[in-house]
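One-based numbering, in listed order, for ligands and for the atoms of each. If you're wondering where the values come from, they're calculated on a predicted model, not measured in any experiment.
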Amino acid sequence: MNILLLGTGGREHAMAWKIKQSAHCTALFIAPGNPGTAFCGENIAIGVNDFPALGAFCLEKNIQMLVVGPEDPLVNGVYNYFKADPSLSTITVVGPSAKAALLEGSKAFAKAFMERNGIPTAGYREFTKENYSEGVAYLQSHSLPIVLKADGLAAGKGVVIAQTTEEALDSFEDMIQSSRFGTASERVVVEEFLTGVELSMFALTDGKDFVLLPEAKDYKRIGEGDTGPNTGGMGAVSPVPFADAAFMKKVMDQVVKPTISGLLKENLVYKGFVFFGLINVGGEPFVIEYNCRMGDPETEVVLPRLKSDLVELFLDMENGNLANSIVEIDPRAAATVVLVSGGYPGDFVKGKKISGLTTAFNEGTQIFYAGISAKNNGLETSGGRVAAVTSYGKSIADAVASSIVAIDKIEFEGMAFRKDIGYEFKN
Ligand code: AMP
Ligand code: GLY
């Protein structure tokens, strides 16, 4: 079949790489893609939110499956756009409807969904301009730290963990009164701070049945030892050793199953990936967030460990056959180390010439391109996160070590990365 994938990051390069290996894939197009996805298919210069142009392209190329990488088009209703047009409605869309994508698109929606369905999450309140003074009083009397979240999409920047009441009040004012994240922060969720280790779980669902993909842990802070500001993700590992059978049983019973049955009960049309951002609090799983798509950089370790044909799983999803699907997982560990531009996540300069990407690539190491563009007969940096270098290993430490050996061959001015990805799991 002919497949169109939406997106442009390392996640989408990993998806394109995996889709291309499928026996079901005749032709793969990526809109807009990057020079890495161009190894796996044909890049098309259409933006992920330009639904009319995407629809016209699907008709022109006889596309039968649309796979959506990022959250933006999902929250903007790409699923609904395709299903509402009779000439496009037979195309399989991998991604939830706009209403169901609110699990990511609105923190308040997600919290209320969890409350209704008895899913463990931090206690919370929500505030807007209308009950602003109540919010101020709440923050003044609450224990610290306390977490403030802009309700809407804020490109991963909408969460503040305030260590002092003053910081909490300043952020609260900034979000609600000064619209720091535009309309996304008109509503703010204030929640209890949870202490524990985080991990990411992924399900593919048709809104009734589901399969689980390998779990992963990502490393969000810029600095080694998890220090400094948050980033889009500096690396990831899979499997996650503390996610043992006993913990995973709790995740299944208390989080995954009630989430999927909640979708069905509430008529939320969901055919796609559910990303469970979890935190392990003393052996008990709590949901920190839902995302309506795969994670980045988690995808760069999850898909390399998936031995099953991904497109076949998408077809099972479309045909309501996920209850019979078999997910085969590579027993090896995988780790990815993200190369970033100097200065990121603060200001950084783009357009730095990159060398060594092809020599660094080898049998055990894949390089997934992110902020890279083709210019002047070569490759240049075009974003904060530039590439994700993924390796397999007998252990997480082995996999990370192989990625670091490969990275030694890659160069661009200002290149930075964390050498300590997976540091808690040394054996
Ligand atoms: P989010 O954008 O919801 O993923 O939040 C970003 C990060 O903030 C998470 O990955 C956590 O590290 C942290 N975080 C969010 N909510 C909480 C919470 N209730 N308790 C502790 N940490 C949190
Ligand atoms: N790695 C976290 C995310 O994709 O949101």
Original post:
In terms of atom number and element, which parts of ligand 2 are under 4.0 angstrom from non-hydrogen atoms of G295?
Top reply: 4 (O)
Subject >> ligand 1 versus I161: contacting region, heavy-atom distance under 4.0 Å >> reply: side chain
Original post:
For atom 7 (C) of ligand 1, is the nearest protein heavy atom under 4.0 Å away?
Top reply: no
**OP:** Considering the heavy atoms of N291, write down every atom of ligand 2 situated less than 4.0 Å from one of them.
**Re:** 5 (O)
Original post:
Is there any N or O on D296 that sits under 3.5 Å from an N or O of ligand 2?
Top reply: yes
Original post:
With backbone taken as N, CA, C and O and side chain as the heavy atoms from C-beta onward, which portion of E198 lies under 4.0 Å from ligand 2: side chain, backbone, both, or neither?
Top reply: neither
**OP:** To the nearest 0.5 Å, tell me how far K271 NZ sits from L263 CG.
**Re:** 13.0 Å
Subject >> Distance filter under 4.0 Å to K220 heavy atoms, resulting ligand 1 atoms >> reply: 10 (O)
Original post:
Of the backbone atoms (N, CA, C, O) and the side-chain heavy atoms from C-beta on, which set of E198 has a member under 4.0 Å from an atom of ligand 1: side chain, backbone, both, or neither?
Top reply: side chain
**OP:** With atom 15 (C) of ligand 1 as the reference point, say which of E104, K149, K157 has the nearest heavy atom.
**Re:** K149
Original post:
With a cut-off of 4.0 Å, which atoms of ligand 1 are near a heavy atom of I288?
Top reply: 15 (C), 16 (N), 17 (C), 18 (C), 23 (C)
**OP:** Among all protein heavy atoms, pick the one closest to atom 2 (C) of ligand 2 and tell me residue, atom and distance.
**Re:** D218 OD2, 3.5 Å
Please tabulate, for side-chain N and O atoms in residues 338-348, each donor-acceptor pair with protein atoms closer than 3.5 Å (sequence neighbours left out).
unit_1, atom_1, unit_2, atom_2, d
S341, OG, G383, O, 2.8
Y344, OH, G232, N, 2.8

Original post:
At under 4.0 Å between heavy atoms, which part of L194 makes contact with ligand 1: side chain, backbone, both or neither?
Top reply: both
Original post:
Around atom NZ of K265, are there more than 12 heavy atoms of other residues, nucleotides or ligands at under 6.0 Å?
Top reply: yes
Original post:
Any side-chain donor-acceptor pair under 3.5 Å between R305 and S238?
Top reply: yes
**OP:** Nearest 0.5 Å please: distance from the OG1 atom of T128 over to the CE atom of M175.
**Re:** 14.5 Å
Original post:
Which of the atoms of ligand 1 are close to K107, meaning less than 4.0 Å from one of its heavy atoms?
Top reply: 1 (P), 2 (O), 3 (O)
**OP:** Of the side chain and backbone of E298, name the one, both, or neither that has a heavy atom under 4.0 Å from an atom of ligand 2.
**Re:** side chain
**OP:** Report the member of R293, R11, M294 with the shortest heavy-atom distance to atom 4 (O) of ligand 2.
**Re:** R293
